[in-house]
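First the structure, in the form of structure tokens, and then the observations on it.
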Amino acid sequence: VQLQASGGGLVQAGDSLRLSCAASARTTNTVAIGWFRQAPGREREFVAGIKWNGASTYYTDSVKGRFTISRDYAKAMMYLQMNSLKPEDTALYYCALTPHYGSRRQEEYYHWGQGTQVTVSS
């Protein structure tokens with residue numbers, strides 16, 4: 001199983017970006033896919049998650065109303081639409097799989113893809 005994140009870039013505050021995560025397959029116990037981010041000098045933190053079939057989603061409070069996670073099951077893709085970006089959203093963004101829907105703990109995620117850098121200037 002390989003995950004590959006893409007779509008990061010350098011934008012200004014208030015701009016939008018859409019991140020993509022190519023999820024070629026799932027393990028037998030995969031229930032959901034999630035996005036995490038890690039800023040320099042900080043712990044990796046949960047951002048958003050979605051059930052493997054795309055039926056439901058969950059977010060961390062700081063991105064609710066600004067970020068939208070979605071899934072294109074036919075294309076084996078997951079997306080994170082990020083609107084109204086803020087400088088504090090600057091981080092390396094990762095996608096990963098989990099057997100625990102609703103989990104926000106990185107220890108419960110696996111098959112981490114390489115990160116994609118998002119930089120928001122003020």
- Query: Is a donor on one side and an acceptor on the other found under 3.5 Å between the side chain of Q114 and the backbone of A5?
  - Reply: yes
- Query: Checking R71 side chain against N53 main chain: does a donor-acceptor pair fall under 3.5 Å?
  - Reply: no
Drop me the distance from [X]'s [atom1] to [Y]'s [atom2], to the nearest 0.5 angstrom.
X	Y	atom1	atom2	result
E45	W35	CD	CH2	14.5 Å
M82	L17	CE	CG	4.5 Å
H100	E107	NE2	CD	11.0 Å
Q81	S16	CD	OG	5.5 Å

Is there side-chain contact between [X] and [Y], with at least one heavy-atom pair below 4.5 Å?
X	Y	result
N29	Y110	yes
E43	F36	no
L80	V47	yes
Y59	T57	yes
C21	Y79	no
L19	T116	yes
F46	Y109	yes

- Query: Partners of S56 by side-chain contact (heavy atoms from CB on, under 4.5 Å), sequence neighbours excluded?
  - Reply: K51, Y101
Quick check on the hydrophobic clustering: are [X] and [Y] connected, directly or via other members, by side-chain heavy-atom contacts under 4.5 Å?
X	Y	answer
I69	L3	yes
M77	I50	no
Y58	F67	no

- Message: We want to know whether S103 and E108 form a side-chain donor-acceptor pair, criterion being a heavy-atom distance below 3.5 angstrom.
- Response: yes
- Query: Taking all atoms of both residues into account, what is the closest heavy-atom pair of Q106 and W112, and its distance?
  - Reply: O-CZ2, 3.6 Å
Tell me which donor-acceptor pairs under 3.5 Å the side chains of residues 85-96 have, and how far apart each pair is, sequence neighbours excluded?
| residue | atom | partner | partner atom | Å |
| --- | --- | --- | --- | --- |
| D89 | OD1 | R37 | NH1 | 2.9 |
| D89 | OD1 | R66 | NH2 | 3.0 |
| D89 | OD2 | R66 | NH1 | 2.7 |
| D89 | OD2 | R66 | NH2 | 3.4 |
| D89 | OD2 | K86 | N | 2.8 |
| T90 | OG1 | P87 | O | 2.9 |
| T90 | OG1 | V120 | N | 2.8 |
| T90 | OG1 | V120 | O | 3.4 |
| Y93 | OH | R37 | NH1 | 2.9 |
| Y93 | OH | D89 | O | 2.6 |

